Amino acid sequence: MTPVSFEYGLALAAILFVLGLVGILVRRNLVFMLLCTEIMLNAAGFAFIVAGARWAQSDGQVMFIFLLAMAGAEVAVGLALILLLFSRGRPLDVDSLSSGEDR
Amino acid sequence: MSLIWLVPAFPFAGFLFLVFSRGLSGRRAGVVGSVAVGLSFAAAVAVFAAFSSAPPAGGSYTLVLWRWFSSGALAPNVALSVDALSLVMILVVTGVGFLIHLFSIEHMVGEEGYARFFAYMNLFVGSMLILVLADNLVLLYLGWEGVGLCSYLLIGFWYRESANGRAARKAFIVTRVGDVSLLVGIFLIALSLGSVDIQEVARRAAVSWPAGSTTAILAAALILGGAVGKSAQLPLQTWLPDAMAGPSPVSALIHAATMVTAGVYLVARSHVIFSLAPPVLLAVAVIGAATLFVAGASAVAQTDIKRVLAYSTMSQIGYMFLALGVGAWTGAIFHLVTHAFFKSLLFLAAGVIINALSDEHDIRAMGGLAKKMPFIFWVFLIGAFGLTALPPVTSGFASKDAIVARVWESGDPGHILWLVAMAGVFLTSLYTFRLLFLVFAERKGTATQAAPTTQPAPHASEHEAHVERSGRHGDPSAPVGGIMGAPLAILATLCVVGGFLDFPRMLGGAPVITRFLGTALPPSVESAGSTNTVLALLSLAVSLAGIPFGWLLARWAARRAARQTARRGEVVAGAGPAAASPSAGADGAAHRAEPRFASFFKRGWLFDSAYEYLFQRPFEWLCRINKRDIVNRASEALGSLNLFASLVLRRSQTGKIRHYVAGLALGAAIILAVAVIL
C-alpha cells in the first residue's frame, strides 16, 4: 500500500470542505444543508487523518473519533428537528422558515 | 447687651420652624412668622435700652459668637457688633418688619404657599439683621447675599407666571453685578489692609491710606458698585420696577423699607474709606442726584400703582445717596428711617387697594376710592404727605429738608446738585399727587368708572392665577380688618411723629437721632439758621407748586383713559363677534395712543432697551457663534459617525441563515489570508 502524499490528502480535504460550503450556501432544503454540514465535517476529519499520518502521530485519529461522535449527535438533533417540522406540515425551505412566519 | 444674638436668632428660628413643619393650617404659619419677628423686635428694643442707659466704651459693643473659618491671615469671626448706626437699622428692620408681617397675616390669606411666604420673609429679616449687625465684611457679605436670595425668592413668589420668574431673575442678575463689585472690594481691602474687621479696617485705612490715594479710591468705588446694585441706583436701577411682580408686603419690606437701603447703610458703614476718597464721594452725590431725577421723571409717567411707588423709592434712595455724598451721614440715615415708615405704609395701602379692585394695578382705571375706602385714603394721604415732605408734622419734611439744606451748603458742585434736588422735590410732589388724584378723586366721566368691570384690563390675565383669595377680595367698600388696619395705623402714626426724631431746629425741634448717631458717624456741620429757613420755605413752595400740576396730569390721564375706553367700546360694538377678544388690539392701540415722550419716561428712560442692545444681544450673538466651535464639531462628528455606521451595519442583519454562513466563510477566509500574508 503506497502512502497517499500529504499534499494530495490536504487538497482532497479542501475540495470536500468547499463542496460542503457551497452546498450550504446554494441549497435551501434543510435535509441537503444537513448533508453538506456532514461533508464539511468529514473534510475536517480527513485533514486530521492526513496530518496524523504525515507526522506519525495518533492525535489525528483521536480527533477523528471525537468528530464522529459529534457528527452523530449533530445529525440526531438536526434530523429530529427536520422530522418535527415535516410532521407539522411546514416546508423545509430555510429561507421561508427564517423569514419569521413560524408559529 | 450680650443678648444681641437673639435679634437675628428669632427670625432664623422662625424660618427653620416654618420650613420643617409642613402643613400648618390656616393662619398659624403667619402667626408663627410674625411672633418670630416680634420677639426679635422686643430683643432689639431691649438691646437699645441697655445701650442707651449704659453706652459701651468707644460707642460700640462686639459679641464674638464663634470663629467662622480661618484661611491664612483671613480669619473672620461670626461676631455681632452694636453701635448707634446698627441699632437704628435693627430697630427699623425688626419694627417695620414686624408690622408688615402682621399685615401679611390677613393680606396673604388664601394664597398658595402661605407658609412659604412667611418662611422667606423670616429668612429675609434674619439675613438683613446679619447684614447690619455684622462685625466684619465677610459676614456682612453673607447677609448681603442672603437678602438678595430672599428678594429673588419673594419677587418670584407667584412663580407659576413666567413673567414673575423673569422679573426675579432680572433682579438677581442685575444686583449680582453690584455684588461682584462689592466682593472684589472686600478682597482688595483684605489684601491691602490685612483685615476684614470693619472697625479694624477703618483704623488701618485711616493710617495707611493717604487721602485721595489710588487704593482708597478703588476700594471706595468697588464698595459703591455694590451699594448701587443693591439700592437700585443708576446705572443698575432697572431691576426695581420689575421687582414689583412680588406681593405688596414684599415690596413694602424688601423693596422699600429695608433691603434697597442696604446700599445706604453700606456706604455709611464704610464712611472712613469714602472720606479718604473725595472723588468717589462726589460720585455718590452725583449718582444720587441723577437717580432721583431720572426715577422721579419716570414715576410721573407710570400707570401701574406699584411702579409709581417703585420709581419713587429709587428717587428717595437717590436723596439718601446725595446726602451721603455731601457728607450728611446722619441725614441720610434719618431719611432712610422716615422713608421706611412712609413708603412701606404706601405700599401696604396700595396692596389693599389692589386686592379690593380684583388685582387692578392700573391707576387710570381707579378713581373715587376716597369715599369707598376712607381709612385707606387717610393713611395713604399721610404717607403721601410724608413722601412729598409737606409740613408741619410729617417725617419726610424733617428728613428731606435737612438733606436739601445740607446739599446747598456743600461747596462747589453743591448748588447744581441742589437744583437737581429741587427738581426732584417738584417731581415727587407731581407724581404723588397725580397718583392721589387718579386713585382717590371722584371723576366726572362715568366711562372710566365702569371700565374695570366691563372691560378686562390689559394685564388682567397676568394676575388671574391668584385672583381668588378671601371674602373681602374685589369689594372696595368692605372694611379693613383690624389685623391689617392696625399696622397701617401704626405706620401712619410713625409717619407723623417720626419727624420729631430730628425736627428742624428753627421750629424748636431737637436733633435726637443726629445726636444718637453722632457716636457712630461723623457729625454733619451745623448750618446757619437763616439760610436754612429760606431753603426750607423754598422747597416747601416747590412742593406745593407740584400739587396743581399733579392734578392737571391726573385729569389729563383720566380723560385719555376715558377716550380710549370709549373707542374700545366702539370697536367692540362695531366689529361684532370678530372683536370678541379685543385685548391684544386695544392694547396695541393704547401703546400707540401714548405720546412718544410719555412712553420714554414710562419705560424708565429706555434703560432696559439700551441694556438689551448693549449686553443682552451681543451676549446672545456670542452664544450663537460659540455653539459651532471646533471642539463641539469633534464631538458632533463622533455622533454622526456612529449614526452612519449603524445605518450601514443594520443592513447586514437579514435574518437569513445562508447570509450568515456566507459571512462566516468570508470572515474565516479573511483571517486566513491575513495570517498567511503576515
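To find a chain, count down the sequence lines: A is the first, B the second, and so on, and within it residues start at 1. Just so it is clear, the model here is predicted, and its values are computed rather than measured.
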**Heavy-atom neighbours of B/Arg116 CZ exceed 12 at 6.0 Å** = yes
**Asked** For B/Phe619, does the CZ atom sit with more than 12 other heavy atoms under 6.0 Å from it, leaving out its own atoms?
**Response** no
**Item:** Residue A/Phe86 excluded, over 12 heavy atoms near CZ under 6.0 Å
**Value:** no
**Item:** B/Val661 vs A/Leu21 side-chain heavy atoms within contact, under 4.5 Å
**Value:** yes
**Message:** Within a 6.0 Å radius of atom CD on B/Gln653, are there more than 12 heavy atoms belonging to other residues, nucleotides or ligands?
**Reply:** no
**Prompt:** Taking only heavy atoms into account, what residues of residues 29-57 of chain A are found under 4.5 Å from chain B?
**Reply:** A/Met33
**Message:** Taking atom CZ as the centre, does A/Phe66 end up with more than 12 heavy-atom neighbours from other residues, nucleotides or ligands that are less than 6.0 angstrom away?
**Reply:** no
**Item:** Contacts of type salt bridge (Lys or Arg N to Asp or Glu O under 4.0 Å), residue B/Arg176, not counting sequence neighbours
**Value:** B/Glu145, B/Asp179
**Fill in**
Closest non-hydrogen contact found for A/Val26 with B/Arg658 is O-NH1, 3.6 Å
